[in-house]
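Reading through the structure tokens given below for one structure.
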Amino acid sequence: MVDVVISVWGDPSRWKRVKGYCVELPNGGCFFTASRPYRSSLGALMEAFGGSRVLLFASSTLGDPSVGCYGDLVDSVYDFVDSLLRAGEYCSDNSRVSVVVLPGVGRFERGVVRSFLGGLGQFRVAAFLKTLDFLVEYRPERVILDLTHGLNYMPTYVRLSVFDALTCYSALAKVGVKLLVYNSEPFPEGAEEACGLNIMLVEDYWFEPRWALGRLYDRLASSFTIWLKPTPIKSVFGRRLPAYSGDGWRSLYRCTAKLVKAASWGFIIPLAESVEELSSLGLAALKCELEHFSYLRDCEDLVEVCGSTLRYLFSPIYEAALLLGFAEAVKPLDLKLRRVDGGFSGVDLRMLADGLLQKTPLELFKHEWGQIVDRVRLFRCLGLDMSGWRRLKAYTEVSNLRFGGKSLIECMREAESLGSNLDAEKLMRELGCEVDRALAEGERVDEAERRNFIAHAGLERNITLVSVRGDDILVKYDENLRERVEKIIRELS
């Protein structure tokens with residue numbers, strides 16, 4: 001089993017030694033006792049979950065703003081934390097620990113008052129981005145989240161960010177992940193050393209991919225009601241916003257909103273189009289921009305330092321990070337989508353449906369696609385040409401023709417159930433003229449109905465075109481009726 005530990009630290013220089021840290025293990029309530037004393041719960045957890053990689057969040061508030069440059073401040077924090085890890089009292093193996101310095105806020109007195117002023121958005125966004133990167137890199141089956149240390153908002157925001165990052169990872173990588181959340185008993189007040197302190201298992205979650213996908217769609221849908229203007233950053237002290245990729249963020253917002261709505265209702269062609277469009281966006285550039293706004297890279301233009309006071313002038317929007325994380329995870333699916341003469345392959349659409357649709361819309365799509373497959377088989381039995389693009393309505397009209405008191409599609413299914421085939425030659429002799437009329441009627445466009453669009457997974461018969469190339473069925477929308485499709489989708493809540 002691949003384990004990773006994620007931990008957040010406040011000020012480790014003040015922590016005292018604990019002999020015999022005891023870690024509550026999952027599935028049974030037994031305890032693991034650390035082999036040696038530690039000044040941090042991290043060491044005991046690394047022993048209990050041997051071989052695990054560690055993502056350690058430290059705060060920029062451990063540094064001194066008077067150094068004058070935010071980059072130098074962050075470097076000094078890295079050096080400080082690294083020196084503690086190498087000393088051996090804070091972890092069991094420093095080579096397995098990756099440290100990330102997050103932009104923290106607060107006022108601290110260490111001889112002089114050091115102030116870090118600004119919003120909290122940058123801390124949460126940075127924690128989310130770095131957690132998701134870490135999960136994608138190491139692909140864990142179990143995540144151990146240590147909330148023993150940290151000040152005020154730190155454990156809260158790390159827990160929220162880790163939960164959202166795990167939701168993205170599980171839903172779109174299609175892997176089940178266990179989340180174990182730990183917190184220690186309080187250190188005895190006034191003591192210089194403690195013995196047998198328990199690190200308690202306080203939350204035990206299982207991220208099942210389908211459940212995670214549903215939660216992710218709900219989370220994103222909620223974001224669209226909060227984040228009404230797709231800007232990735234806001235001003236904290238009234239300063240003019242720095243330049244950002246307005247068109248890129250608006251495109252990401254619009255495309256993700258369409259994808260979430262299409263997935264929620266089971267509209268398979270709009271879903272495929274959204275995934276295709278997402279892949280064309282410059283997500284790498286948007287991510288670099290958001291990391292910049294989260295004080296993770298090249299951010300001297302975003303801070304103001306005056307003596308021992310540092311101001312984060314701007315704060316990133318968390319909803320922007322959530323959309324970006326979702327889009328990055330969805331983007332690889334486009335590698336499996338291919339267009340033939342503008343149409344999507346049925347093989348690819350079934351793959352996409354399995355990956356992005358929840359149970360109810362997935363069953364709806366499977367039923368509707370099964371209807372198309374049956375109608376194609378009927379056309380093949382009757383020897384009708386399917387190489388060009390025909391309206392789905394034409395397939396429906398021919399399938400509904402009556403013969404011997406039954407529809408042709410029913411006749412075909414009955415014959416197949418008996419292990420035989422339709423007598424196509426006889427049928428065409430008797431129904432040839434009706435088939436021609438049905439094909440002609442099928443190309444006459446009626447008004448696309450909202451109810452039918454919803455009921456048939458977006459495969460509404462007037463606007464959907466079908467073609468068969470070899471064994472593959474292709475579908476696309478009639479571009480002359482595109483506005484009808486967009487209008488129906490726009491008006492859905």
Within this structure, what is the [atom1]-[atom2] distance for the pair [X] and [Y], rounded to the nearest 0.5 Å?
X: Thr464; Y: Ile268; atom1: OG1; atom2: CD1; result: 12.0 Å
X: Ile233; Y: Trp249; atom1: CD1; atom2: CH2; result: 10.5 Å
X: Gln358; Y: Glu363; atom1: CD; atom2: CD; result: 12.5 Å
X: Phe314; Y: Phe293; atom1: CZ; atom2: CZ; result: 8.5 Å
X: Leu364; Y: Phe267; atom1: CG; atom2: CZ; result: 9.0 Å
X: Leu25; Y: Ile199; atom1: CG; atom2: CD1; result: 10.5 Å

Carboxylate-amine/guanidinium contact [X] [Y], below 4.0 Å:
X: Arg484; Y: Glu460; result: no
X: Glu483; Y: Lys487; result: no
X: Asp247; Y: Arg250; result: yes

Take a 6.0 Å sphere around [atom1] of [X] and say whether it holds more than 12 heavy atoms from other residues, nucleotides or ligands.
X: Arg490; atom1: CZ; result: yes
X: Arg107; atom1: CZ; result: no
X: Lys16; atom1: NZ; result: yes

Contacts under 3.5 angstrom, residues 61-68 side chains, donor-acceptor by atom type, not counting sequence neighbours:
from	atom 1	to	atom 2	distance (Å)
Thr61	OG1	Ser59	OG	2.7
Asp64	OD1	Ser66	N	3.0
Asp64	OD1	Ser66	OG	2.8
Asp64	OD2	Ser66	OG	2.8

So, do [X] and [Y] sit near enough that their side-chain heavy atoms are less than 4.5 Å apart?
X: Glu291; Y: Val125; answer: no
X: Tyr312; Y: Tyr70; answer: yes
X: Leu296; Y: Lys130; answer: yes

Check: For the side-chain contact (heavy atoms from CB on, under 4.5 Å) test, which of Arg142, Met1, Arg96 pairs with Ser52?
Finding: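 That would be Arg96.
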Next item on the list: Any chance you could lay out the salt bridge (Lys or Arg N to Asp or Glu O under 4.0 Å) test for Arg339 and Glu276, step after step, and finish with the verdict?
Entry: CA-CA 10 Å; Arg339 291 261 199 171; Glu276 194 176 56; 2.8 Å; yes
Would you check if the side chain of [X] reaches a backbone N or O of [Y] as a donor-acceptor pair within less than 3.5 Å?
X: His292; Y: Asp298; value: yes
X: Ser161; Y: Arg124; value: yes
X: Trp9; Y: Asp11; value: no
X: Arg350; Y: Trp369; value: no
X: Lys19; Y: Glu193; value: no
X: Glu300; Y: Gly71; value: yes
X: Ser315; Y: Lys234; value: no

Can you confirm whether the side chains of [X] and [Y] place a donor and an acceptor under 3.5 Å from each other?
X: Asp146; Y: Ser7; value: yes
X: Asn198; Y: Glu185; value: yes
X: Tyr38; Y: Glu47; value: yes
X: Tyr138; Y: Ser98; value: no

Nearest non-hydrogen partners of [X] and [Y], listed with the distance:
X: Ser115; Y: Val113; answer: OG-CG1, 3.9 Å
X: Ala194; Y: Phe187; answer: CB-CE1, 3.5 Å
X: Leu197; Y: Pro186; answer: CD1-O, 3.6 Å
X: Pro12; Y: Leu84; answer: CG-CD1, 3.4 Å
X: Tyr295; Y: Val303; answer: CE2-CG1, 3.5 Å
X: Val105; Y: Gln122; answer: CG1-NE2, 3.8 Å

Margin query: Let's go through Glu486 and Lys258 carefully: what are the C-alpha distance in whole Å and the side-chain angles of both, what is the deciding distance for salt bridge (Lys or Arg N to Asp or Glu O under 4.0 Å) to 0.1 Å, and is it a yes or a no?
Written below: CA-CA 10 Å; Glu486 301 298 337; Lys258 179 180 176 182; 3.8 Å; yes
Note to self: Tell me if the aromatic rings of Phe49 and Phe32 count as close, with their centers under 6.0 Å from one another.
What the structure shows: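 Phe49 vs Phe32: aromatic centres not under 6.0 Å.
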Notebook entry, point to check: For the residue pair Tyr169 and Phe207, is the inter-centroid distance of their aromatic rings smaller than 6.0 Å?
Noted result: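 They do not qualify: ring centres at least 6.0 Å apart.
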Checklist line | Plane angle bin for Trp15 and Tyr90 - parallel if under 30°, tilted between 30 and 60°, otherwise perpendicular | finding: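 Because their plane-to-plane angle lies in the 30° to 60° range, the rings of Tyr90 and Trp15 count as tilted.
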Next item on the list: Apply salt bridge (Lys or Arg N to Asp or Glu O under 4.0 Å) to the pair Glu328 and Lys331, showing each step before the final yes or no.
Entry: CA-CA 5 Å; Glu328 279 196 309; Lys331 186 173 181 176; over 6 Å; no
Checklist line | Pro209: partners by side-chain contact (heavy atoms from CB on, under 4.5 Å), with sequence neighbours left out | finding: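 Once residues adjacent in sequence are excluded, the partners of Pro209 under the side-chain contact (heavy atoms from CB on, under 4.5 Å) criterion are Ser170, Lys174.
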Checklist line | Partners passing side-chain contact (heavy atoms from CB on, under 4.5 Å) against Ser251 (at least two apart in sequence or in another chain) | finding: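 With sequence neighbours excluded, Ser251 shows a side-chain contact (heavy atoms from CB on, under 4.5 Å) to Arg254, Leu281, given in chain and number order.
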Checklist line | Residue pair Tyr21, Ser184: steps toward the side-chain contact (heavy atoms from CB on, under 4.5 Å) verdict | finding: CA-CA 9 Å; Tyr21 255 131; Ser184 173; 4.1 Å; yes
Next item on the list: Evaluate the criterion salt bridge (Lys or Arg N to Asp or Glu O under 4.0 Å) for residue pair Arg53 and Asp93; output intermediate values, then yes/no.
Entry: CA-CA 10 Å; Arg53 297 291 310 186; Asp93 179 1; over 6 Å; no
Check: Please walk me through it: do Glu479 and Leu465 pass side-chain contact (heavy atoms from CB on, under 4.5 Å)?
Finding: CA-CA 10 Å; Glu479 288 301 320; Leu465 303 179; over 6 Å; no
Note to self: Could you walk me through whether Leu271 and Leu259 satisfy the side-chain contact (heavy atoms from CB on, under 4.5 Å) test, starting with their C-alpha distance in whole Å, then the side-chain angles of each, then the deciding distance to 0.1 Å, before giving a yes or no?
What the structure shows: CA-CA 5 Å; Leu271 182 65; Leu259 191 155; 3.9 Å; yes
Next item on the list: Please report the C-alpha distance between Phe163 and Arg159 in whole Å, then the side-chain angles of each, then the deciding distance to 0.1 Å, and finally whether the side-chain contact (heavy atoms from CB on, under 4.5 Å) criterion is met.
Entry: CA-CA 6 Å; Phe163 204 91; Arg159 191 246 180 238; 3.5 Å; yes
